[in-house]
Amino acid sequence: MSELSKAYEPQAVEDKWYGFWEQQGCFTADPQATKAAFSIVIPPPNVTGMLHMGHVLNTTIQDILARKARMDGKEVLWLPGTDHAGIATQAVVEKALRKQGLMKHRDDLGREKFLEHVWAWKEKHGGIIIQQLKKLGCSCDWSRERFTMDPEYSRCVQMVFVELYRKGLIYRGKRMVNWDPAARTALSDEEVEMVEEKGHLWHLKYPLLDQNGQPKAGEFVVVATTRPETMLGDEAVAVNPNDPRYTRLVGRRCLLPLQNKVIPVIADEFVDPKFGTGCVKVTPSHDPNDYEMAVRHNLPFPVVIGPDGSMTKEAGEDFDGMDRMEARQAVIEELTEQRLLLKTEDYVHNVGYSQRSHVPVEPYLSEQWFLKYPSAALSASAVEEGKIAFHPERWTKTYSHWMGNLRDWCISRQLWWGHRVPVWYSKKTSGSEAAKVWCDVNPPPDPENWQQDPDVLDTWFSSWLWPFATMGWPGRTDTLKKFYPTSDLVTGPDIIFFWVARMIMAGYEFMGDLPFRNVYFTGIIRDKLGRKMSKSLGNSPDPLELIAKYGADALRFGTMRSAPLGQDVLFDEKDVELGRNFCNKLWNACRFRQLQGGEVQGEIAPALLSGYDKWILLKLDQAIHDITAAFAEYKFNEATQTLYRFFWSEYCDWYVEASKAVLTRPVEALHRESIETDRGAASTHEIAARRANTLAVLDFVLSHTLRLFHPFLPFITEELWQGMGYSRDMPENQGGKTIMFAPWPKPLEEDFRGHYGLDACDGRKVDAKFELVTQGRNLRREANLPASKKVKFVLKPAGAIPAHDVEVLRLLLNAEAVDVDPDFQPGKGTPGVHSEIGDLYLPLEGLVDVAAEKARLTKELEKIEAEIAKVQQKLNNPNFTGKAPAHVLQEHQQRLAEWQAKRARVIEALDRLK
RNA sequence: GCGCGCUUAGCUCAGUGGAAGAGCACUUCCUUCACACGGAAGGGGCCGCAGGUUCAAGUCCUGCAGCGCGCACCA
């Protein structure tokens, strides 16, 4: 390939490779493949949505899983698509249409016209997010992209409705539901968010009436309420039958102020005597508990708050048409004037808000469709018994709790954008009740005699079918046979009830099998101050801008590196910067290899491996091991951190630097060096072979590393894989020689390690050399010698030391020379460090500061003594020596010996200063 | 009220039974021929508090405190 540029420029390569992968069909899943299947269905983003950081986290994890599975040799289906997102989309379109002045309320346009606008909107804005996912590198099978309102998908939704209706699990009824006055629709319980609010508890006085129906002076029943405006619809005052304060009032009547309506005092167990005044105003139509009480006591149900949240005629002339919040004020003012407001207390309570429109939810009595959840018991046990594994596992508890308290699901919505309820009502007045309702995927044969139910279904009533409705259900398609149940689901815990639980139930009910085997719950992405990301706070960075600035790989890597399994992520742009820096490091490490010239090297020759070579191969082996283990536990942050450390600290900082002793010096120098070794003079040919072997190790490590990084950094790894020529020996397959299908590195097998003599290699010996280098650099630092100044070190070796090792030392120390002198007698105060390799001195001409050197050594000695004391304390404990396992004991003894040896060397050096 | 999570270096966080870690920030030095999106050295921790289990506890158990998040019909 052409020479790599000095810095990695992601913009230049990302689109190129994404296009290549798509063109080669790398993402396309083949149901006929003999390979084992791996499948994920994407949590469908809102069709008109924009990519945000939550998507980045979520889809990056899925992409990592998919890419890893491909490298593991599996046939992968990552099925993408979008959700019609009923309320959300309809609200967005309504807002836009109002802004354009095309309507005030959707009724102005009418259903058909309005839906045309929504579809137009969908055509225009839908699919933006798909393009954004491609930018991120998502390897979805786009040929199978689905939308929850595709005709085939809609048919699935209808079929499911009809089937459940016929089973008696779906029914229609007049119930108290959560009503969103802004969207003017019913909501499910899950769509209501409880928000703690500072409000008031108003104590209202209702005049008691005597037997003649006349107010008795000074006699009142006092009720406490947080919602005084609802009093206009009161039908009773309730007390606890066992409350001695009020038993005498039961059966009496009182006058409802403002309405001048006579209402009874009733007794109901529901009332808690300890709360408020012990008397509860009963508003049958606007409070769920009051509704229950009203049913028990046969009270009327006057509706004083309408579907749009404004007061109705029944609220009285003075209040008709007022907004409920205005009415609250007005009622309070009026009651105050009439001296019927006893007192106002500050009161903190929870108010239900619509998750979508962020307005307080109104309990509202209306005709709705409900579902009794199917296959609930089976679904609950599937998770509890681990057939479906949650990661992290703790979410099973949340799931179980919800499954154990299932309440019927209100599935109808008074919207237009969505799947229409497949039910028609006969216009004829005669005939049996059953004959008046037509429920079928097809309209009745004589449609002119029927009226279709106006409602649409909750969006989640289509999403819960996603894992199989996207794969061709109800047909027994090859795709379903191959890829259902899916392998993993990646989603947020906030939709565990909305989606995960319901998909499990749908899976069992309609497929007779679980929909997925593993569920990975991500955390929530927050800003660096820990706040949720939101448009209003403006703290939500645009992922596309980040991609443009740093590259998609950088964004992916930075996000994954700071996202531990199931914990919230405090996102900081610094994380992406880190990712960008890392990509650049990877790039330049490959560039270094490229600048050494030569073809990609093949087999490593075991006989020519140096200790350093073996050292890095062992570290690589360990890294492969750790990363593979991290993958198995979905610990991607551990995987990235391990990779980062291995590559940057171990490979680049140490191995590459050490390899320069072989690679970047002239052959003559190596030749001279080899004459001094015990192997004797090496021929030029042998030296070339050694050099080639070092290149082979570089190639080996890099080609493994690129593969290990590929799931996280798909673009740069492909660019380098191709550019470096590592695809050379790969077989041609569906994607050509892409890294996407390169085999995932396996830990080096025992025979492999034997082959390369890796077990014989004493990694610790290399560690000791590197440690000596660090100490030597420290010497220079402590002596205040600027890094630019060339210095000479003297090494008094503890044993024979090959000339090549000395050269490595010299290079790593950035020294002019390291003179080896077994008989070196350091001058008094010459700074030196003392290791098992030998003593390393930094002779300073005329600048010896005995006191400074003494201080330095004394400080070091203190450190050593502390370590020795710690180990010795344990070893002196007979309980420890008696009970600790042998290997732990041995380790401690060895450690003690090492520290003691160090101590001896330092004491010796100190003695020479006397 | 019930449940869950968090509390480790200035900041953000890893680390589930055997020598306290990373990134960022900080101090000092270095434009040395892969990389200044870089290199080198360094400073900085009663691992929230109190008990307990254990030869051994940041790690397991029990309390407590603070923060956060779910669930729950108290007007």
Side-chain angles (χ1 to χ4, degrees), chain A residues 4 6-8 194 201 223-227 230 238 270-272 274-283 287-292 347 349-350 363 392 394-395 397-398 401-402 405 493-494 496-497 523-524 528 530 550 554 558 561-564 566-572 574-575 577-596 635 637-638 641 644-645 649 652-653 656-657 660 664 773-774 777-782 784-790 811-814 867 870-871 874 877-885 887-889 891-892 895 899:
Chain A
L4 296 179
K6 201 168 169 182
Y8 173 54
M194 299 310 274
L201 201 53
V223 295
T225 181
T226 54
R227 298 201 55 194
T230 63
F270 164 78
V271 180
D272 177 0
K274 289 190 288 294
F275 187 87
T277 61
C279 301
V280 181
K281 59 188 273 307
V282 180
T283 318
D287 182 277
N289 296 312
D290 294 5
Y291 172 78
E292 297 294 327
Y347 185 64
H349 62 141
N350 291 318
R394 64 184 144 87
W395 292 110
K397 216 164 175 169
T398 306
H401 182 258
W402 190 75
N405 295 280
D494 49 333
I496 191 166
F497 311 137
I524 296 167
K528 61 182 170 183
Y550 300 103
R561 194 173 177 285
S562 50
Q567 295 290 3
D568 287 357
V569 184
L570 268 61
F571 178 82
D572 190 342
K574 289 261 182 202
D575 294 330
E577 204 177 311
L578 174 101
R580 191 259 327 247
N581 294 354
F582 185 79
C583 288
N584 194 54
K585 190 72 177 177
L586 188 59
W587 181 261
N588 272 288
C590 288
R591 185 162 173 260
F592 171 78
R593 163 64 188 91
Q594 192 190 45
L595 292 177
Q596 303 317 309
K635 293 184 173 175
N637 68 316
E638 276 183 31
Q641 288 182 45
Y644 185 98
R645 187 187 38 73
S649 307
C652 291
D653 288 349
V656 169
E657 292 306 317
K660 288 177 182 172
T664 64
V773 169
T774 301
R777 289 164 172 171
N778 191 11
L779 274 188
R780 176 206 282 268
R781 176 86 197 78
E782 301 248 348
N784 280 323
L785 294 175
S788 56
K789 184 167 179 178
K790 286 285 174 191
L811 258 170
L812 294 180
L813 286 165
N814 190 27
E867 292 296 335
K870 251 196 320 204
V871 185
K874 280 178 120 177
N877 182 350
N879 282 324
F880 175 71
T881 48
K883 293 189 182 177
H887 74 274
V888 175
L889 196 59
E891 195 196 318
H892 278 71
R895 199 190 308 156
W899 284 114

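Both backbone and side-chain heavy atoms feed into the values below; hydrogens, waters and symmetry mates do not. Naming convention: chains lettered A, B, ... in sequence-line order (proteins, then strands); numbering from 1 in each chain.
For Arg777(A) (side chain) and Leu812(A) (main-chain N/O), a donor-acceptor pair under 3.5 Å exists by modelled atom type. The backbone N or O of Thr774(A) sits nowhere less than 3.5 Å from a side-chain atom of Asn778(A) that would complete a donor-acceptor pair. The closest donor-acceptor contact from the side chain of Arg561(A) to the backbone of Tyr644(A) lies at 3.5 Å or more, if one exists at all. A donor-acceptor pair under 3.5 Å is formed between the side chain of Arg780(A) and the backbone N or O of Leu813(A). A donor-acceptor pair is defined here as one N or O able to donate and one able to accept, closer than 3.5 Å; no such pair exists between the side chain of Asp287(A) and the backbone of Val282(A). The backbone N or O of Thr283(A) lies less than 3.5 Å from a partner atom in the side chain of Asp290(A), making a donor-acceptor pair.
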Item checked: Heavy-atom protein contacts under 4.0 Å, nucleotides 33-40 of chain B, coded B base, S sugar-phosphate only, - none -> -BBSBSSS
Next item on the list: Do nucleotides 1-10 of chain B as a string where each nucleotide becomes B, S or -: B if the base has a protein heavy atom under 4.0 Å, S if just the sugar-phosphate does, - if no protein is that close.
Entry: --SSSS----
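For the pair Asn814(A) CG and rA41(B) C1', the computed distance is 13 Å after rounding to whole Å. The nearest whole Å value for the distance from the CZ atom in Phe275(A) to the P atom in rC73(B) is 15 Å. Distance CG (Leu813(A)) to P (rA41(B)): 10 Å, rounded to an integer number of Å. Between the C1' atom of rA75(B) and the NZ atom of Lys274(A) lies a distance of 15 Å, rounded to the nearest Å. The CD atom of Glu867(A) sits 11 Å away from the P atom of rA19(B) (whole-angstrom rounding).
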Margin query: For RNA chain B, please output the secondary structure as dot-bracket, reading 5' to 3'. Pairs are Watson-Crick or G-U wobble, both atom distances under 3.5 Å; mark crossing pairs with [ ], other-strand partners with |, unpaired with a dot.
Written below: ((((((((.[[[[.)..(..]]]].(((((.......))))).....[[[[[..)....]]]]])))))))....
Kindly give the atom pairs (protein nitrogen or oxygen, nucleotide nitrogen or oxygen) under 3.5 Å for nucleotides 66-69 of chain B.
none

Nucleotide N/O of nucleotides 20-23 of chain B paired with protein N/O under 3.5 Å:
unit_1, atom_1, unit_2, atom_2, d
rA20(B), OP1, Lys870(A), NZ, 3.3
rA22(B), O2', Arg561(A), NH2, 2.8

List every contact pair, protein side and nucleotides 55-57 of chain B side both N or O, where the distance is under 3.5 Å.
unit_1, atom_1, unit_2, atom_2, d
rC55(B), OP1, Lys883(A), NZ, 2.4
rC55(B), O4', Asn879(A), O, 3.3
rC55(B), O2', Asn877(A), ND2, 3.1

Nucleotides 43-45 of chain B: which of its N/O atoms have a protein N/O under 3.5 Å away?
none

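Remark on RNA chain B: of its neighbouring residues Val888(A) and Val280(A), the 5'-side contact belongs to Val888(A), judged by nearest-heavy-atom nucleotide.
A pairwise comparison of heavy atoms in Ala554(A) and Arg580(A) identifies CB-N, 3.2 Å as the closest pair. Among all heavy-atom pairs drawn from Leu811(A) and Lys660(A), the shortest one is CD1-C, 3.7 Å.
Residue Trp899(A) has its side chain nearest to rA19(B) when only rA75(B), rA19(B), rA14(B) are considered. Listed nucleotides: rA72(B), rC71(B), rC74(B). Nearest to the side chain of Asn350(A): rA72(B).
Heavy atoms of His887(A) sit nowhere under 4.0 angstrom from any nucleic acid atom. As judged by a 4.0 angstrom heavy-atom cut-off over every strand, Tyr291(A) is placed among residues making no nucleic acid contact.
Residues that satisfy the side chain to side chain donor-acceptor pair (under 3.5 Å) test with Gln596(A), not counting sequence neighbours, are absent from this structure. By the side chain to side chain contact (heavy atoms under 4.5 Å, CB included) test, Leu889(A) is found to be paired with Leu875(A), Phe880(A), Thr881(A), Gln893(A), residues two or more places apart in sequence or in another chain being considered. With sequence neighbours excluded, the residues forming a side chain to side chain donor-acceptor pair (under 3.5 Å) with Trp402(A) are Glu190(A), listed by chain and number. For Pro288(A), the side chain to side chain contact (heavy atoms under 4.5 Å, CB included) partners at least two apart in sequence or on another chain are Met176(A), Pro363(A). Partners of His401(A) by ring pair (Phe, Tyr, Trp, His ring centres under 6.0 Å), not counting sequence neighbours: none found.
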